[in-house]
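Index from 1, following the sequence.
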Amino acid sequence: MKAKKLWLGFIAVMVISFSVLLFYGNEIYRKAPPIPEKVMTTSGEVLFLGQDIKDGQNVWQSMGGQELGTVWGHGAYQAPDWSADWLHKEAVFMLNELANESEGIPYDQLSEEKQASLKIILQKDLRKNTYDPESKVLTISDLRAKAIQSNSEFYAGLFTDNPDMADLRDAYSIPENTLKTEERVRLLNSFFFWISWACVTERPNKDITYTNNWPAEELVGNRPTGELHLWTGFSVIILLAGIGLMSIYYARRRNEEEVAPKIFPLKGEKQTPSQKATVKYFWVVSALLLVQVIMGVITAHYGVEGQALYGIPLSDWLPYSVSRTWHVQIAIFWIATSWLATGLYYAPAISGIEPKFQKLGVNFLFLALLVIVVGSLAGQWMGVMQKLGLVTNFWFGHQGYEYVDLGRFWQIFLFVGLIIWLLLMGRAIYPALKQKSENRNLLILFLISTIAIAAFYGAGLMWGRQTNLAIAEYWRWWVVHLWVEGFFEVFAAVVVAFLFVRLEIIKAGTATLAVLFSTIIFLSGGILGTFHHLYFTGTPTAVMALGATFSALEVVPLVLMGFEAFDNLKVSRSSEWIKAYKWPIYSFIAVAFWNLVGAGIFGFLINPPTALYYMQGLNTTPVHGHTALFGVYGMLGIGLMLFVLRDMNKDVVWKDRWIKFAFWSINIGLAAMVLISVLPIGLAQTVASVKEGLWWARSAEFMQQPYLITFKWLRVIGDTIFALGTVALAWFIFGLKFGWSLKNQE
């Protein structure tokens, strides 16, 4: 009866949440910043066509898009936010022109009273929405046209080979002649104009811009709105109320004790051919992890040496935008591969039946994943090196959207691979579903999460080559938030529960109720919490209200993860035979810790609207990104891999030396990387953003200050410890195959 109520709650959460998500998705379609068919001056000169802006978006994507600087606050942390940077330069140019015209001196030499009067003139020019929805023409002043020309000349020099900008290119890690033709430069400038236009132009009949007055820019009157502060306060109240209710639930649950069996319950269990075939997935996981770390080291080093690695001009062959793309993309590949392989390994164990040709399917999927990894990474390099046309780049090169950078062909290829994985999982699990066992509810949830993982990646196919950026961002976060942070989380919770049920540490009924309850709580906040990524991406104010409220609910279960860590620690010590599973279980303890710290504390640090208004696009975001993506999902991937490898050969005894060193080095290195370097830089940027604006916090002048360079160098400490841990982990994994990680092989 209790399970039935929870299932009804699960269905209600899914139906209501997705109805709201889709309803406001439709609102984003209707109210996204329009792309005009023409941008022309009051004197009749046509500056840009709508097609120029769309093609310019494709040029931006081809050079790495969100992997080089940010747009509307999303992307990489080297180089400026192009929307804020263009807007500030435009405003400064226009103020100087107005000052010279009226007083014959630059703006900064005027009295405060004169400056204030000119700012009012500027704001009336820039903030007024002069887009005509009937003719689809955007009309701008001749003065603004001159500012656009000035900005265009600046960015033309930056992205080509102006020798006067060599130092600035180094500071931004932009290779010389990043763009090879004048036409691509012109198109890029048209796109940069449009994204900044959306940041300063007020919505029809509103006094806020399309990006909810983001970024902070005093010159143009971009300040936090009242709604921003209101929903920030409300999100804190929701968080406190949620923590109170969850604390009561956990306090009641503390009396439920589970006793592990004295004898190992899986002794003598036989492996199927398809289970044995999954071991090569974990070899690839280990290799990809090493490559990802190398790319991370290179990417971080570009922050201090611009375009070189200890004097080697590495960016000639591996630009920053490529190294960062690979760093992010490979992380998703190896984490997902570990989770998918875990599912393939345990699916036959669930039913006790090996479907016909299951091993063939596992091997085929493995080859398909290798093709996707190699093909997509090669395509991204070719795209950034400007070796592909804009259409070809979209299909086979670099889409420019962080976390879903791979070309559309590779996206489709991966989607098909996930469908194949779903079929392999389903045919192995189905026989168990037909049995009315105590595990049935858990298996149904397992199958639902499997279907969701395969299906929700399809959201990445919902935008086209020239889709409005506001709409593309909506769907991108379906993939990044709902697919990665949502349904993979549910899948992981079910798999971990199933692993403990198999070991008879937890009863199936207890596990089912716990997983169903935690899934309901997580998805109650998680689905609509997607909107917290979209406060300032051309969305209506209602999106901010929903995002602030439900992203606070997302944090509620995470702040009580200490209980889960303590429970797992007790499990690891509850019986002699369980000690063989010490390091997989310790990995789950690390997951609980990083859920609390990385996803919970560091996530809520930037989630409230007022905080994110000043912090979006700063190094406070990778604090959350590293500790959540690697700390939670990466450590979970490592834990699942170790669980499978432990089950593959239950009779051998592992040497603890390398895996112990790996575990502690990875976790200590991750903490040091963030606390010694990334977080202090992010906090310094936040102060600068509040005082002067995002343009200053991201500028070369600010980021190249000696004390910030020192903080960047200090990252070497954490990075080195972390990298040594990943090398030790790979050494241990391959040692299980070749014997040096096993005690009985001495």
Ring-ring centroid check [X] [Y], cutoff 6.0 Å:
X    : Y    : answer
F588 : W594 : no
F630 : W334 : yes
W463 : Y474 : no

Taking all non-hydrogen atoms of both residues into account, name the closest pair between [X] and [Y] and its distance.
X    : Y    : result
V293 : F722 : CG2-CE2, 3.8 Å
K276 : Q271 : CG-OE1, 3.4 Å
M385 : D316 : CE-O, 3.6 Å
P348 : A428 : N-CB, 4.0 Å
Q411 : G460 : NE2-O, 3.0 Å
S351 : P431 : CB-CB, 4.1 Å

**Residue pair E473, Q66: steps toward the side-chain contact (heavy atoms from CB on, under 4.5 Å) verdict** = CA-CA 11 Å; E473 280 290 273; Q66 291 175 341; 3.2 Å; yes
Where does the angle between the aromatic ring planes of [X] and [Y] fall among parallel (under 30°), tilted (30 to 60°) and perpendicular (over 60°)?
X    : Y    : value
Y586 : W583 : perpendicular
W740 : W731 : parallel
W339 : Y633 : tilted

Taking the side chain as C-beta and beyond, is there a heavy-atom pair between [X] and [Y] under 4.5 Å?
X    : Y    : answer
V404 : Y401 : yes
Y430 : I353 : no
H626 : M673 : yes
R646 : K582 : no
D647 : Y345 : yes
F333 : V328 : no
L729 : F661 : no
L640 : L636 : yes

With side-chain contact (heavy atoms from CB on, under 4.5 Å) as the test, pick out the partner of [X] among [options].
X    : options                : result
L447 : L445, L443, I444, I451 : I451
L642 : F663, F732, Y581       : F732
Y281 : T342, L369, L340       : L369

Can a donor-acceptor pair be found between the side chains of [X] and [Y] at a distance below 3.5 Å?
X    : Y    : result
Q358 : R427 : yes
H398 : T325 : yes
E354 : T272 : yes
Q78  : S173 : yes
N393 : K387 : no
H327 : E67  : no

Output the distance between atom [atom1] ([X]) and atom [atom2] ([Y]), rounded to the nearest 0.5 Å.
X    : Y    : atom1 : atom2 : answer
F282 : T278 : CZ    : OG1   : 5.0 Å
Y302 : S315 : OH    : OG    : 5.0 Å
L523 : S17  : CG    : OG    : 7.5 Å
I330 : T337 : CD1   : OG1   : 11.0 Å
I505 : T510 : CD1   : OG1   : 13.0 Å
L377 : W326 : CG    : CH2   : 6.0 Å

**side-chain contact (heavy atoms from CB on, under 4.5 Å) between K737 and W283, intermediate numbers included** = CA-CA 10 Å; K737 169 67 176 175; W283 297 340; 3.8 Å; yes
**Message:** Please evaluate residues S62 and Q386 with respect to the criterion side-chain hydrogen bond (donor to acceptor under 3.5 Å, both in side chains), reporting the C-alpha separation (whole Å), side-chain torsions for both, the decisive distance (0.1 Å), and the verdict.
**Reply:** CA-CA 7 Å; S62 76; Q386 302 292 293; 3.1 Å; yes
Would you check if the side chain of [X] reaches a backbone N or O of [Y] as a donor-acceptor pair within less than 3.5 Å?
X    : Y    : value
H74  : H533 : yes
W60  : G400 : no
S338 : G637 : yes
S518 : A514 : yes
W483 : I453 : yes

If you count the non-hydrogen atoms of other residues, nucleotides and ligands that lie under 6.0 Å from [atom1] in [X], is the total more than 12?
X    : atom1 : value
K660 : NZ    : no
W654 : CH2   : yes
W7   : CH2   : yes

**Message:** Looking at D719 and R715, is any side-chain nitrogen of the basic one under 4.0 Å from a carboxylate oxygen of the acidic one?
**Reply:**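 Yes, R715 and D719 are salt-bridged.
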**Prompt:** When you check the gap from the basic side-chain N to the acidic O, do R324 and E402 get nearer than 4.0 Å?
**Reply:**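 The answer is yes: the pair qualifies as a salt bridge.
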**Item:** side-chain contact (heavy atoms from CB on, under 4.5 Å) assessment of I412 paired with F409
**Value:** CA-CA 5 Å; I412 295 171; F409 172 81; 5.9 Å; no
**Message:** Test side-chain contact (heavy atoms from CB on, under 4.5 Å) on F602 and V597; report intermediate values, then the result.
**Reply:** CA-CA 6 Å; F602 290 146; V597 175; 3.6 Å; yes
**Item:** side-chain contact (heavy atoms from CB on, under 4.5 Å) partners of F18, counting only residues at least two apart
**Value:**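 For F18 the side-chain contact (heavy atoms from CB on, under 4.5 Å) partners, ignoring immediate neighbours, are M14, L21, F456, W478, L482, F487, I527.
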**Asked** Going through the checks in order, is the ring pair (Phe, Tyr, Trp, His ring centres under 6.0 Å) test met by Y346 and F643?
**Response** CA-CA 11 Å; Y346 285 112; F643 232 109; 7.2 Å; no
**Request:** Given ring pair (Phe, Tyr, Trp, His ring centres under 6.0 Å), test W475 with Y457 step by step and report yes or no.
**Result:** CA-CA 10 Å; W475 288 113; Y457 185 75; over 10 Å; no
